[in-house]
Amino acid sequence: MIDINLLRTHLQDVVTSLKTRGFVFDNQFFLEIESKRKNIQIKTQEVQQERNSLSKEIGILKSKGEDASQTLEKVAQISSLSKQLESDLNEVQELLTNYLLQIPNLPHSSVPVGSDEKSNVIVKTEGKIKSYDFPVMDHVDIGELIGLDFEVSTKISGSRFSLMKGDLARLHRAIGQFMLDMHTENHGYTECYTPYLVNDQSLLGTGQLPKFGDDLFMTKKSDNENLYLIPTSEVPLTNTVRDLIISEDDLPIKLTAHTPCFRSEAGSYGKDTRGMIRQHQFDKVEMVQITKPEDSYKALEEMLGHAENILNELELPYQVVTLSSGDMGFGAAKTYDIEVWLPSQNQYREISSISNCESFQARRLKARYKNHDGKNELVHTLNGSGLAVGRTMVAILENNQDKNGNVHIPRVLQKYMAGKEIIYSKK
RNA sequence: GGAAGGGUGGAUGAGUGGUUUAAAUCGCACGCCUGGAAAGCGUGUUCAGGUUUUAUGGCCUGACGCGGGUUCGAAUCCCGCCCCUUCCGCCA
């Protein structure tokens, strides 16, 4: 949620900024509803004040044993007026916050302006793309030779799920373990185990609700309560600080978790239907940082470095792009995507997304810290994949294949695979 | 799932319809005292919002788990829900 005071004081700037990310701000609606809110609120508070003082008078009169019927009569009218105004005020305020919840975050000044991914800017390209003297297979063809079985997963659950067996399943586990170990042992994150089902308050806090409910899998807890499968562990990790006032000494908070993620991919029919690129269920190791406002952009660079370290260790070629204003997610002020090289597609594909949400989520979460002046100030929240496990495995299969369809296990993963160096194909 | 008890400012905890402006204690901050400290004494110490002010601030509204209701007036009474504790049942 963006700061309503910004809308009151710098409306035009906000409108212009939002336009760069394709959001059309309803100026007239806002001004209308805001002035209505102001009028009703002032009037409501006046009436409440009068009611309170008259009610107090009644109390005093009665305690003295005097007759209060005249005052009672007077306050009866005021009281019903007050009720009416209170409900009017509620209505207007609900309208206003509902609108505010729909508004995406403002892009940071360093974000390239553009309407879609075509305006993304490549920051750097790392690693050497191998050349292959044989026709490369994609990960589905390789996978089928070493334990990837979409026929079975389709039978069990339908499309966009996968089932792995044997060394491949172990490789998948090894990747997650390795990433988690890197973040906890070398990057200073605290490992977390989190719920995979979360309530709607949590999703409202991180911005998936109310606007993107269609992308979530929902379960029913009871007649009047639903729980949602997490689309990313950003949700539980970031919500750890909801409704908290954190002491300055405890910042930054750096959390990581390896969890499955569940997405209905409602708006992506026909995209990446083959293979493991776009699934309803996938594993991801997530990094989350909670920082002081002045530290958040330093933290963003740091997190990018942490994700890059993983790819460097795995010896996978990648590039880093800064997302343009129109390509960023709802809550982000600035986002870096890391894209890994996939030989079968002859292009880089997203494997990580690292965002600074500034105070956007913190405002929804009521996540604050006590600054050195003793004032409560909203924290900044950042999240990033470090990395998507399934897509990392895809990249390893494709980049490390040989002409016999064997997959060479990256050196850093071998200790997680009992020293195994190659997964041999059944070809 | 069943039964009982509970949820009040940073902590403990009092408060069963009206001077509650949420007591008291602890903690914390500042001041006095002191060579310095402790003790003691004094003062202060929640959040959100509105409005006004150059500003410190002032005035006002709301918040006692959440949401409704009754009432001129609700922390207090009524209804629904959530969470916690203990016991029972089930279960890994």
Side-chain angles (χ1 to χ4, degrees), chain A residues 1-9 30-101 193 195-205 209-210 218-228 236 239-251 359 361-379:
Chain A
M1 198 152 68
I2 59 176
D3 187 355
I4 190 165
N5 284 316
L6 214 55
L7 287 168
R8 289 176 185 148
T9 54
F30 173 75
L31 289 172
E32 202 173 290
I33 211 82
E34 170 62 7
S35 88
K36 206 165 160 190
R37 196 258 331 147
K38 194 165 167 174
N39 287 334
I40 296 176
Q41 184 159 354
I42 291 170
K43 204 155 162 198
T44 305
Q45 294 191 352
E46 277 171 10
V47 172
Q48 281 171 333
Q49 185 183 349
E50 185 161 7
R51 182 203 62 197
N52 288 348
S53 72
L54 285 175
S55 289
K56 193 179 276 179
E57 257 175 55
I58 293 170
I60 294 167
L61 286 174
K62 285 203 169 170
S63 73
K64 287 182 188 158
E66 290 174 24
D67 175 41
S69 58
Q70 243 182 346
T71 316
L72 266 168
E73 212 171 292
K74 208 156 93 186
V75 80
Q77 294 170 15
I78 291 172
S79 184
S80 76
L81 175 63
S82 161
K83 287 235 162 82
Q84 182 58 48
L85 285 167
E86 277 165 34
S87 85
D88 289 353
L89 183 62
N90 270 339
E91 206 175 297
V92 175
Q93 260 164 348
E94 205 171 304
L95 223 57
L96 198 58
T97 40
N98 281 345
Y99 188 60
L100 290 177
L101 287 172
Y193 172 83
Y196 303 154
L197 290 164
V198 296
N199 57 34
D200 48 10
Q201 260 306 304
S202 296
L203 290 156
L204 199 80
L209 288 179
M218 188 175 81
T219 65
K220 201 179 174 88
K221 188 190 180 193
S222 65
D223 285 345
N224 44 32
E225 210 179 347
N226 295 319
L227 290 174
Y228 299 80
N239 270 278
T240 55
V241 296
R242 169 147 59 90
D243 295 322
L244 290 189
I245 297 172
I246 302 156
S247 97
E248 193 175 1
D249 302 339
D250 293 336
L251 296 176
S359 59
Q361 292 179 325
R363 190 167 291 108
R364 293 166 165 244
L365 294 161
K366 294 188 183 63
R368 294 164 295 177
Y369 81 105
K370 214 170 258 305
N371 68 19
H372 50 276
D373 298 327
K375 285 252 186 271
N376 296 333
E377 197 179 339
L378 293 168
V379 295

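A quick note: this is a predicted structure, and the numbers were derived from the prediction, not measured. Within every chain, numbering begins at 1; the chains are lettered A, B, ... in the order of the sequence lines, protein sequences first and strands thereafter.
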Work out how far the [atom1] atom of [N] is from that of [M], and round it to whole angstrom.
| N | M | atom1 | result |
| --- | --- | --- | --- |
| B:U61 | B:U21 | P | 11 Å |
| B:G69 | B:A75 | P | 15 Å |
| B:G57 | B:A23 | P | 22 Å |
| B:C64 | B:G9 | C1' | 9 Å |
| B:U45 | B:C26 | C1' | 13 Å |
| B:U20 | B:U76 | C1' | 11 Å |
| B:U16 | B:G6 | P | 14 Å |
| B:G18 | B:G2 | P | 36 Å |

What residues form a side-chain contact (heavy atoms from CB on, under 4.5 Å) with A:N52, not counting sequence neighbours?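 Counting only residues at least two positions away or on another chain, A:N52 forms no side-chain contact (heavy atoms from CB on, under 4.5 Å).
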Can a side-chain donor-acceptor contact be found between A:Q84 and A:D88 if the only test is distance below 3.5 angstrom?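 Yes, a side-chain donor-acceptor pair sits under 3.5 Å.
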Polar contact flag, side-chain donor to acceptor under 3.5 angstrom, A:N199-A:S202: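 Indeed, the side chains of A:N199 and A:S202 share at least one donor-acceptor pair under 3.5 Å.
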Approximate separation, where rounding is to 0.5 Å, of A:N226 CG and A:T219 OG1: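 Nearest 0.5 Å value for the CG-OG1 distance: 7.0 Å.
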Paired with [N] by Watson-Crick or G-U wobble geometry, both distances under 3.5 Å: which nucleotide is it?
| N | answer |
| --- | --- |
| B:U61 | B:A48 |
| B:U43 | B:A29 |
| B:G1 | B:C88 |
| B:U54 | none |
| B:C77 | B:G69 |

Distances under 3.5 Å only, N/O to N/O: pair up the protein atoms with those of nucleotides 69-77 of chain B.
{"from": "B:C72", "atom 1": "O3'", "to": "A:S79", "atom 2": "OG", "distance (Å)": "3.0"}
{"from": "B:C72", "atom 1": "O2'", "to": "A:S55", "atom 2": "OG", "distance (Å)": "3.1"}
{"from": "B:G73", "atom 1": "OP1", "to": "A:S79", "atom 2": "OG", "distance (Å)": "2.9"}
{"from": "B:G73", "atom 1": "O4'", "to": "A:S55", "atom 2": "OG", "distance (Å)": "3.3"}

Would you say B:C47 has OP1 or OP2 under 4.0 Å from some side-chain N or O of A:R368?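 No, no such contact exists.
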Nearest whole angstrom, please: distance from the [atom2] of [N] to the [atom1] of [X].
| X | N | atom1 | atom2 | value |
| --- | --- | --- | --- | --- |
| A:N199 | B:C66 | CG | P | 16 Å |
| A:K221 | B:C81 | NZ | P | 13 Å |
| A:Q41 | B:C59 | CD | C1' | 15 Å |
| A:N39 | B:U61 | CG | P | 19 Å |
| A:L89 | B:U51 | CG | C1' | 14 Å |
| A:R37 | B:G50 | CZ | P | 6 Å |
| A:N226 | B:C82 | CG | P | 13 Å |
| A:N90 | B:G67 | CG | P | 10 Å |

What residues, two or more places apart in sequence or in another chain, satisfy side chain to side chain donor-acceptor pair (under 3.5 Å) together with A:R364?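 Applying side chain to side chain donor-acceptor pair (under 3.5 Å) to A:R364 gives none.
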Indicate yes or no for a side-chain donor-acceptor contact from [X] to the backbone of [Y] under 3.5 Å, with no hydrogens or angles considered.
| X | Y | answer |
| --- | --- | --- |
| A:T9 | A:N5 | yes |
| A:S82 | A:I78 | no |
| A:R363 | A:M1 | yes |

Considering every strand and a 4.0 Å limit on heavy-atom distances, what is the contact class for [X]: base, sugar-phosphate, or nothing?
| X | result |
| --- | --- |
| A:K74 | nothing |
| A:R8 | sugar-phosphate |
| A:E46 | nothing |

Of A:Q93 and A:Q49, whose closest RNA chain B nucleotide lies nearer the 5' terminus?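 Checking each residue's closest nucleotide, the 5'-ward one belongs to A:Q93.
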Residue whose nearest RNA chain B nucleotide is more 5′ - A:K38 or A:E225: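 The 5'-side residue here is A:K38.
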With the 90 degree cut-off around zero defining syn, does B:G9 come out syn or anti?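 Syn conformation here, the glycosidic angle of B:G9 being no more than 90° from 0.
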Could you check whether A:R37 pairs with A:E34 (Lys NZ or Arg NE/NH1/NH2 to Asp/Glu carboxylate O, under 4.0 Å)?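 A:E34 and A:R37: salt-bridged.
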